[in-house]
Amino acid sequence: MENLAPALDAPVDYGVTAEVRAPQNLYALKDKDTFIVADQFGDIAGQGDGLFHNDTRILSFYRLSLGGRAPSLLSAAVAHDNVFFTCNSTNQALPYPGERMGPPGVLHIERKRFLWEERLYERIRCVNYSRDTVLLPMAIEFDADFHDMFEVRGTQRAKRGIKGPPHIDGRRVAYSYIGLDGVERASFISFSHAPFRLGAHKAEFMFSLQAEGETELYIEIGVTNGHVPSRERFRDAAARARWDMRSRRRHGARLHSSGRLFNEWLGKSRSDLALLTTRMETGPYPYAGIPWFSTAFGRDAIITAWQILWFEPSLAKGVLRYLAAHQAQERSAFRDSAPGKIMHETRKGEMPAMGEVPFGRYYGGVDTTPLFVALAGAYQARTGDDKLIDELWPALQRAMHWIENDGDSDGDGLIDYARGQDSGLSNQGWKDSEDSVFHADGRYPSGPIALVEVQGYAFAAYRGMARLAERRGEIGQAAIWRQKAERLREKVEALFWMEERGFYGIAVDGQGQLCRVLSSNPGHLLFCGLPSPERARKVSDQLLSANFNSGWGVRTLATGEARFNPISYHNGSVWPHDTALCVMGLSQYGERDGVVKLTADLFETASRMAMRLPELFCGFPRSPGEPPVAYPVACLPQAWAAGSVFMMLQACLGITIDANRGEISLVDPRLPIGIDRLRVEHLRVGTAAVDLIFERQGERVAVRAEGDVPLNIRSKPSWD
């Protein structure tokens, strides 16, 4: 790279450091396929930090200094609506001309930024609160490495494209890179004020602040050259970004409780979902999480849409339409694809485009296809939207063909997986790390592997398709799918149940041997309604025991099992979405006290994590006065972590909405601990709308409806 100002750049290594930052100390913003991750100062200097566009890092280093020193931090926060990041800081001692040093703590430095139309807007405001004029030397250092997301995550490349020399003019630096895929990528950094010195990696300014005076510097960074940054551009774009976020948050019913902190959790979770949701041609689609998974994933989006389906079904519609449009049409061992299979992940960077990794469009998820079908059935029941089902019917039929044929690779009647090539995922359920499936003695199983929860998803898919087929008048086909659901139920009960442990094993391996391990996976089986009530009760008791329940949520693996590790990714950690699915499963089998208790546990976790649940956290047991232990590289925000509160609230309320019957069912409704009143406003049921008011009255919860939708309130669940 051309270095036009070596004296300015010499002290800094503009490659990223080896530091891995804790997610709680990072702050993320997103707009469409552009997102930024920076530290509490607003700086980019860590391993996973950066401004990314289409899975490419277009800003890899970004640091503000005053007089050669970092400011002293006062506060940092992302606004509740996720539009603005703001850092407040003050100056350390400043060098004056000569040897005298200016006093510290006399300047207020505010950095405020947001993303709009995939462009970073930043304002640096400096206010002098001293009685004297202050000379403020300010420097901003920057670089763009154009690393693919998989490089940022640690994948080594044998060869890279060509990075051109930076182009510098009076108030702008432009970087360029031509990838091995032949695509030219660019990054433009522009300033409202012309620096008195501008080099390839550093802009230097000298501001003179009168007593009680202030100055503002505006910066814009993006993949295209724009106008000169200004106050007017900043304000106009900020207003548009805020209006757009508000419009995204307004979909679906409104939820409001008597608890201030609980409302904060609901509000922050809804803001996170709005932040992560991207408008596609097919409708809204939730990206999985920032930074590693800010792209379309199949499984994550389906679960997220299901979590909020009861009060906001339009997200499920967008997810179903997008996944149907990207359904596999050909066989590829490299992409783990087969006709009818539903996508696991898609990426837009250079490495997927070159085939260095298979994730440009990758289908290596054994559970996504049955989940897709099951969500379609749940969506129709919730909305009565037969028109969408008619549109999706060919895709649903192709997905069922995959489930009934390719999904059962060895003909034993179970849905299983084995990756096509070593470049693919070795484990293809939601616990997709390499060590997440094993035998009781710690041995890894041989494939193909049939996971217990995937059989539950397939069971739900068969039953969902049977109901949809009946609505279409295809009575014979509906009967076939119902029979297949029952045969699958019998197989699971026969092959996965461990009578001596009162639980289901995690998987059956390629030799037909059961992996006799206690994991959270059977909680998903309860969610799908497969187990008998008697066995469901035994599973529920164990999930609520101290072996699983850490006091903050359900562990992915019970204590005492081989490979248990509370710091692991999948073998003893707590994943909020996993806990939520378990909680919903418990609720569907009539467990009420445990549902309320686990909801309280996760609420207390959120209250110690700024009301934002991460992708996962460590599974250490709860200790008095100590917070939950963060996982070092968890995504934050994460879509299905944000959606967890809404599924757990549904479980507490015991609420089911059947648009085909035009009614709302409530089974022994409860309120979360500490909440005496909850109002659900403008809940749509078909063409009607209703407000529901839940109020604690002694030992019971009373429910009142304002609207024309009948309520069916029961004390116990019924099983279909």
Side-chain angles (χ1 to χ4, degrees), residues 251-255 270 273 277 282-286 301-324 370-393 395-396 457 460-472 527-529 580-581 583-585 587-588 640 643-667 669 680-692 703 705 707-714 717-718 720:
H251 295 285
R254 295 181 294 275
L255 312 175
R270 204 151 188 177
L273 290 177
T277 297
T282 46
Y285 198 95
I302 291 169
I303 296 297
T304 301
W306 211 323
Q307 289 171 329
I308 68 171
L309 178 63
W310 68 278
F311 74 92
E312 165 40 346
S314 68
L315 188 65
K317 181 176 182 178
V319 167
L320 290 166
R321 294 187 74 227
Y322 178 88
L323 293 176
L371 279 170
F372 166 77
V373 177
L375 177 63
Y379 170 83
Q380 193 287 327
R382 168 62 184 87
T383 64
D385 187 356
D386 290 317
K387 183 178 179 181
L388 179 67
I389 299 304
D390 290 343
E391 175 189 329
L392 297 176
W393 194 248
L396 291 168
Y457 304 153
Y462 281 128
R463 296 213 306 174
M465 282 296 280
R467 287 191 290 267
L468 294 177
E470 285 174 347
R471 290 190 62 81
R472 295 171 58 85
F527 170 74
C528 296
L581 285 166
V583 164
M584 195 65 195
S587 177
Q588 291 180 164
W640 61 12
S644 297
V645 59
F646 304 110
M647 180 169 275
M648 289 188 296
L649 183 58
Q650 180 186 9
C652 287
L653 301 178
I655 186 170
T656 303
I657 301 165
D658 189 334
N660 297 318
R661 295 180 179 177
E663 70 175 19
I664 298 172
S665 296
L666 298 164
V667 178
V680 182
E681 296 180 343
H682 203 68
L683 183 67
R684 297 203 64 84
V685 182
T687 58
V690 64
D691 292 355
L692 298 180
V703 186
D708 249 352
V709 179
L711 296 184
N712 177 13
I713 303 177
R714 305 192 306 272
S718 60
D720 182 4

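Please read these numbers as outputs of a predicted model, since none were measured by experiment.
- Contact annotation: the side chain of Val583 never approaches that of Met647 to less than 4.5 Å [non-hydrogen atoms, C-beta and beyond].
- Counting all heavy atoms, side chain and backbone alike, Trp393 lies closest to Met465 at CH2-CE, 3.6 Å.
- Atom CD1 of Ile303 sits about 10.0 Å away from atom OG of Ser644, to the nearest 0.5 Å.
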Next item on the list: Evaluate the criterion side chain to side chain contact (heavy atoms under 4.5 Å, CB included) for residue pair Tyr462 and Val373; output intermediate values, then yes/no.
Entry: CA-CA 8 Å; Tyr462 281 128; Val373 177; over 6 Å; no
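- Under the 4.5 Å side-chain criterion, counting only non-hydrogen atoms from C-beta, Ile657 is not in contact with Val709.
- Closest approach of Thr383 and Ala659 over heavy atoms only: C-CB, 3.3 Å.
- Residues Arg471 and Ile389 form no side-chain contact, since every pair of their non-hydrogen atoms from C-beta on lies 4.5 Å or further apart.
- Scanning both residues, Pro669 and Ile713, for their nearest heavy atoms gives CD-CG2, 4.5 Å.
- The shortest distance between side-chain heavy atoms of Asn712 and Thr656 does not fall below 4.5 Å.
- No more than 12 heavy-atom neighbours from other residues, nucleotides or ligands sit within 6.0 angstrom of CG on Asp708.
- In terms of modelled atom types and a separation under 3.5 Å, the side chain of Asp691 and the main chain of His682 share a donor-acceptor contact.
- For the residue pair Leu711 and Ala705, the shortest heavy atom distance occurs at CD1-CB, 3.8 Å.
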Check: Yes or no on side chain to side chain contact (heavy atoms under 4.5 Å, CB included) for Trp306 and Leu581, after CA distance, side-chain angles and deciding distance?
Finding: CA-CA 10 Å; Trp306 211 323; Leu581 285 166; over 6 Å; no
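- Of the inter-residue distances, the one linking Arg254 atom CZ with Glu312 atom CD reads 12.5 Å to the nearest 0.5 angstrom.
- For the pair Asp385 and Tyr379, the tightest heavy-atom approach, listed with the atom from each and the gap, is OD2-OH, 2.7 Å.
- Using a 4.0 Å cut-off between charged nitrogen and carboxylate oxygen, Arg472 and Asp386 do not count as a salt-bridge pair.
- The CD atom of Gln650 lies 8.0 Å from the CD atom of Gln588; values are rounded to the nearest 0.5 Å.
- Remark: Phe311 pairs with Phe646 by the ring pair (Phe, Tyr, Trp, His ring centres under 6.0 Å) rule, at least two apart or across chains.
- Taking the six-membered ring for Trp and thresholds of 30 and 60 degrees, Tyr322 and Tyr285 have ring planes inclined between 30 and 60 degrees apart.
- Scored by the salt bridge (charged side-chain N to carboxylate O under 4.0 Å, His left out) test, Arg684 finds no partners at all (sequence neighbours excluded).
- Of the possible polar contacts, none joining the Arg714 side chain to the Val667 backbone as a donor-acceptor pair under 3.5 Å is found.
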Next item on the list: Tell me, with the steps shown, if Arg321 and Leu388 meet side chain to side chain contact (heavy atoms under 4.5 Å, CB included).
Entry: CA-CA 9 Å; Arg321 294 187 74 227; Leu388 179 67; 3.6 Å; yes
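- For the residue pair Ser314 and Pro284, the shortest heavy atom distance occurs at O-CG, 3.9 Å.
- Atom CG of Leu255 and atom CD1 of Ile308 lie 10.5 Å apart (nearest 0.5 Å).
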Notebook entry, point to check: Where do Ile655 and Val680 land on the side chain to side chain contact (heavy atoms under 4.5 Å, CB included) test, with the steps shown first?
Noted result: CA-CA 11 Å; Ile655 186 170; Val680 182; over 6 Å; no
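- Two residues are said to be in side-chain contact when any heavy atoms from C-beta on lie closer than 4.5 Å; Leu692 and Leu653 fail this criterion.
- Contact check for Leu323 versus Ile302: side-chain heavy atoms found under the 4.5 Å cut-off.
- The side chain to side chain contact (heavy atoms under 4.5 Å, CB included) test applied to Thr304 returns Leu273, Pro286, Gln307, Leu315, Ala639, Trp640, not counting sequence neighbours.
- In this structure, CG on Asp658 lies 8.5 Å from CD on Gln380, to the nearest 0.5 angstrom.
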